[in-house]
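All ligand and atom numbering here is 1-based and tracks the order in the structure. In what follows, every heavy atom counts, from backbone to side chain, and hydrogens, waters and symmetry copies are set aside.
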Amino acid sequence: MYNKSEIAFEQSKKLIPGGVNSPVRAFKSVKCNPIFFDHGKGSKLYDVDGNEFIDCISSWGPLIFGHADKITQEKLNEYLLKGTTYGAPTIIESKMAKKIIELVPSIEKVRMVNSGTEATMSAIRLARGYTSRNLILKFSGNYHGHGDSFLIKAGSGAMTLGLPDSPGVTKNTAKDTIIAEFNSIESVKEQFKQNLDQIAAVIIEPVAGNMGLVKSRRDFLVELRNICDENKTLLIFDEVMSGFRLAAGGAQEVYNVIPDITTLGKIIGGGLPVGAYGGKSEIMDFLAPNGPVYQAGTLSGNPLAMSAGLSVLNRLNKKLYEKLENITKKIEKGFLKNIKETKSKAIVNRAGSMMTLFFTDQEKIESYNDAVRCNLDQYAKYFKNMLDMGIYLPPSQYECMFISSAYSENDIKKIIDCNKKSLELL
Ligand SMILES: *Cc1c(COP(=O)(O)O)cnc(C)c1O
């Protein structure tokens with residue numbers, strides 16, 4: 001069934017570390033070999049063996065309209081003919097900035113970069129420069145890309161592979177990152193007490209998607225905002241995942257809690273490598289060439305990537321989010337019914353079109369400590385069952401499903417039916 005993928009993996013392992021360019025793709029935690037893909041169309045992915053899958057990952061979030069989206073392609077074609085990059089200003093960069101500022105409540109000025117990792121790394125440098133303080137507070141199980149300062153109690157691949165502290169991150173760097181527990185304001189207060197006037201910024205995924213889907217409680221975010229204000233600490237929302245996905249204005253719009261700096265990625269590039277960070281003008285103007293904090297990028301804001309991203313941002317509206325909500329709610333309902341009928345020990349966490357089925361006998365998953373107590377063996381078996389029935393899920397319990405607007409009623413029904421069969425087979 002996966003012959004050509006097996007051969008491709010044997011090859012790539014000789015050429016690329018682990019055969020992949022990003023660790024979770026290797027399928028290690030679900031104990032099988034990765035599938036190699038040939039093309040995508042709408043809600044579907046097609047592998048090199050010709051198998052068809054309903055894609056429940058959307059390239060880890062970016063493809064909100066599904067694969068090979070026509071309008072994005074047309075815009076890309078238009079810009080491709082003009083050349084791909086000039087390393088000089090273009091008008092489309094201002095159009096992009098204007099759109100982002102319009103959509104994201106906290107952003108008055110924005111700087112484009114090339115990935116989510118770059119956005120978060122730059123955001124904490126800016127926060128440190130602006131506040132003249134060193135410490136960054138992050139939450140266990142939150143993932144902010146692979147910057148050294150963040151590979152401490154990180155989620156996503158670092159959690160999947162059991163590498164919470166990566167070798168190569170120096171002790172001196174690690175000591176400037178302090179940790180609190182997600183959804184625990186007490187743990188935040190404790191850190192502020194112990195590190196008075198030293199914390200430059202608190203960075204958080206307001207809706208965490210990198211330990212499986214875990215929502216923060218609104219009162220927790222409100223308190224966090226207050227504590228940051230009281231201590232003159234900047235609050236950074238890492239909305240690389242939640243931005244433009246939960247709503248056009250991201251989690252900050254949904255929760256109505258406004259951070260000082262917001263980091264963006266994934267959807268913002270419409271499938272091309274793009275990231276961004278933005279916030280209050282006063283803070284953003286601390287960046288070079290206006291201010292002393294340096295940050296740059298040869299390909300930052302290149303017109304090709306901007307054209308893809310802007311074509312997506314221009315189509316984010318209420319109707320789209322209602323559609324995504326309806327599709328994902330149906331899938332959630334189906335899963336919950338199946339869990340009940342098959343007497344499975346599992347629960348579902350969902351926020352908009354992000355969702356995780358956790359194998360656990362706990363009643364809720366609200367933190368890293370809850371998430372790590374899930375049954376990973378069961379998830380691995382469930383994943384394989386679903387894969388063989390043509391449903392492509394995240395290859396780890398600690399990631400979430402991302403639903404696109406390209407799903408048909410048939411896709412929804414098939415996902416729910418296969419979920420039932422897969423649970424029965426466990
Ligand atoms: C994906 C992600 C990142 C990293 O983005 P890359 O583009 O993979 O570098 C950072 N923060 C969050 C919340 C993410 O989900």
Side-chain angles (χ1 to χ4, degrees), residues 20-26 57-64 104 111-125 127 136 138-161 166 177 182 201-216 221 235-246 250-252 254-255 259 261-278 295 297 299-302 305 308-309 312 349 351-356 368 371 394-396 398-402:
V20 291
N21 281 315
S22 197
V24 186
R25 294 182 198 168
I57 311 181
S58 306
S59 190
W60 304 99
L63 305 179
I64 198 161
V104 186
R111 176 62 69 77
M112 303 307 300
V113 291
N114 304 293
S115 69
T117 294
E118 239 189 286
T120 54
M121 278 166 42
S122 309
I124 60 166
R125 182 185 306 138
I136 300 295
K138 80 175 277 290
F139 294 90
S140 36
N142 275 192
Y143 178 72
H144 305 294
H146 67 89
D148 284 4
S149 301
F150 300 121
L151 290 180
I152 293 133
K153 297 258 180 198
S156 190
M159 187 168 171
T160 304
L161 302 175
S166 172
T177 301
F182 199 73
V202 172
I203 185 167
I204 185 168
E205 288 182 73
V207 168
N210 287 294
M211 46 181 162
L213 194 276
V214 182
K215 288 197 265 194
S216 49
L221 286 184
L235 178 59
I236 305 173
F237 275 8
D238 181 356
E239 298 226 44
V240 170
M241 213 174 236
S242 56
F244 313 114
R245 177 154 285 278
L246 296 180
Q252 57 196 268
V254 175
Y255 283 86
I261 301 177
T262 300
T263 57
L264 298 163
K266 299 196 167 107
I267 290 174
I268 203 173
L272 268 73
V274 181
Y277 63 112
Q295 183 269 313
L299 292 171
S300 293
N302 74 81
V312 168
N349 274 6
S353 55
M354 296 165 66
M355 171 170 141
T356 299
Y368 175 83
S396 162
Y398 302 131
E399 304 283 356
C400 50
M401 296 165 71
F402 296 94

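Between E239 and E205 the shortest side-chain heavy-atom distance does not fall below 4.5 Å. Side-chain atoms of K138 and V202, non-hydrogen and from C-beta on, never get closer than 4.5 Å to each other. Annotation: side chain of M401 is in contact with side chain of P394 (closest heavy-atom distance under 4.5 Å). For the pair Y255 and S216, the minimum side-chain heavy-atom distance is below 4.5 Å.
In the model, E118 has no side-chain atom that pairs as donor or acceptor with a side-chain atom of Y277 under 3.5 Å.
The contact shell of ligand 1, taken as protein residues with any non-hydrogen atom closer than 4.0 angstrom, comprises S115, G116, T117, Y143, H144, G145, E205, N210, D238, V240, M241, K266.
By the ring-ring contact (aromatic ring centres under 6.0 Å, His included) test, F182 pairs with no residue at all, sequence neighbours left out.
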